[in-house]
Amino acid sequence: MGFIHYIKNTVYDIGYKICAYKWRFIMCAVFCVAGIACGIAFFYAFQYGWWYFNRCEFANKLMAGGFSAFLLFLLSYLVLYLILILCNMLKETYWLCCVATFIACLYVGATVVALFTVSVIWGVLFVILIALEDIAVYCMSCFVCLCEKPICRKFDEAVRDFHQVGILLALGFIYKIVAFFVIMKILTAVI
C-alpha cells in the first residue's frame, strides 16, 4: 500500500508542478511535437537512405516482437534516464534535457511512419497504444527535470533529486511492455 501512495503523491506533485510552471510544460510539449515532426520529415526527406532503411528495419523488429523488442524498449528508457540525469548535474547543461527529449521524440516519429510504411494496422495500433504514451512520458520527464533548480550535483545526488523522473520512466516502461506484448499482440492476432 505504501508504494501505491508514493505513486499517487508523485502524480499529485507533478500535477502541482504543471500548475505552477505552465510555460515550462508548454515548452517541453513543443520540443516533443517538434521532435515528432522532424522525425517524420527526416524519414521522408532521406527516403531510400540510411535513416529510412534503419527505421524500416526497426519497424520489422518491432513487428517480430520477442526479446529483442523488450531489450530495445529497456535500453531506450535507460539511456534517456541516464542522459536526463547527466544533463542536470551541471548548471551549464541544465537545458540539454529538452534536446534529449527532442531526440527521443524524433525516433518515435520516425518509428511511427516506418510502421505505417510496413503495415498500416501496426502503425495505427502503435500510435494509439504506445507512441502517445511515449510522448507523454518523455514530455513529463523533461518537465520534471526543468522544475528542479539548476545547481551542480554529484551523480548520486542527481539520482536522488530526480527520483520522479525514474518513477515516470519506470511506469512508462511497464505500460509499454504490457501494451506491446499483451494488447497489441492479441489485437494483431485477432485481426
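The structure presented is a predicted model; accordingly, all values stated were derived computationally and were not measured. Position 1 is the first residue of the sequence, and the numbers go up from there.
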Of the non-hydrogen atoms in Ala100 and Leu80, which two are nearest, and what is the gap between them?
O-CD1, 4.1 Å
Distance, nearest 0.5 Å, that separates SG of Cys32 from CG of Leu106:
11.5 Å
Write down the atom of Cys98, the atom of Met27, and the distance for their closest heavy-atom approach.
SG-CE, 3.9 Å
In Å and rounded to the nearest 0.5 Å, what is the SG to CG distance from Cys145 to Leu96?
11.5 Å
Is the closest side-chain donor-acceptor distance between Gln164 and Asp13 under 3.5 Å?
yes
Side chain to side chain, Ile26 and Trp23, heavy atoms closer than 4.5 Å
yes
Can you check whether Phe155 reaches Leu82 side chain to side chain, under 4.5 Å on heavy atoms?
yes
Centroid-to-centroid, Phe173 to Phe73, below 6.0 Å?
no
Approximate separation, where rounding is to 0.5 Å, of Thr111 OG1 and Arg55 CZ
4.5 Å
Can you check whether Leu86 reaches Thr93 side chain to side chain, under 4.5 Å on heavy atoms?
no
4.5 Å side-chain heavy-atom contact, Lys17 and Glu148
yes
Would you call Phe102 and Cys97 a side-chain contact if the rule is heavy atoms closer than 4.5 Å?
no
Side-chain polar contacts of residues 119-143 - donor-acceptor pairs under 3.5 angstrom, sequence neighbours left out - could you list them?
from   : atom 1 : to     : atom 2 : distance (Å)
Asp134 : OD1    : Tyr77  : OH     : 2.6
Asp134 : OD2    : Lys176 : NZ     : 2.9
Ser141 : OG     : Val137 : O      : 2.8

Would you say Val79 and Leu84 are hydrophobically clustered, going by side-chain heavy atoms of ILVMFWY under 4.5 Å?
no
ILVMFWY cluster, Val113 and Tyr48 together (side-chain gap under 4.5 Å):
yes
About how many Å separate CD1 of Ile103 and OH of Tyr107, when rounded to the nearest 0.5 Å?
8.0 Å
Is the number of heavy atoms from other residues, nucleotides or ligands within 6.0 Å of NZ (Lys91) greater than 12?
no
Straight-line distance of Ile85 CD1 to Asp156 CG, nearest 0.5 Å
11.0 Å
More than 12 heavy atoms of other residues, nucleotides or ligands under 6.0 Å from CZ of Phe53: is that the case?
yes
Do you reckon Phe181 sits in the same ILVMFWY cluster as Phe67, going by side-chain contacts under 4.5 Å, direct or chained?
yes
Honestly curious: do Val30 and Trp95 fall in one hydrophobic cluster under the side-chain, below-4.5 Å linking rule?
no
Tyr21 side chain near Leu146 side chain, heavy-atom distance below 4.5 Å:
no
Group every Ile, Leu, Val, Met, Phe, Trp and Tyr by side-chain heavy-atom contacts under 4.5 Å, then state whether Tyr16 and Val165 land in the same group.
no
Under the criterion side chain to side chain contact (heavy atoms under 4.5 Å, CB included), I'd like the reasoning laid out for Met63 against Leu115: C-alpha separation, chi angles, the key distance, then a yes or no.
CA-CA 8 Å; Met63 289 175 55; Leu115 276 169; 4.0 Å; yes
For Ala110 and Phe43 the tightest heavy-atom approach is O-CD1, 4.1 Å
Does any part of the side chain of Phe42, heavy atoms only, come nearer than 4.5 Å to the side chain of Trp51, both counted from C-beta?
yes
Hey, what do you get for CG (Leu169) to CG (Leu78), rounding to the nearest 0.5 Å?
9.0 Å
Derivation and outcome, side chain to side chain contact (heavy atoms under 4.5 Å, CB included), residues Val118 and Phe58:
CA-CA 10 Å; Val118 174; Phe58 182 71; over 6 Å; no
So Val33 and Ile36, do their side chains get closer than 4.5 Å, heavy atoms only?
no
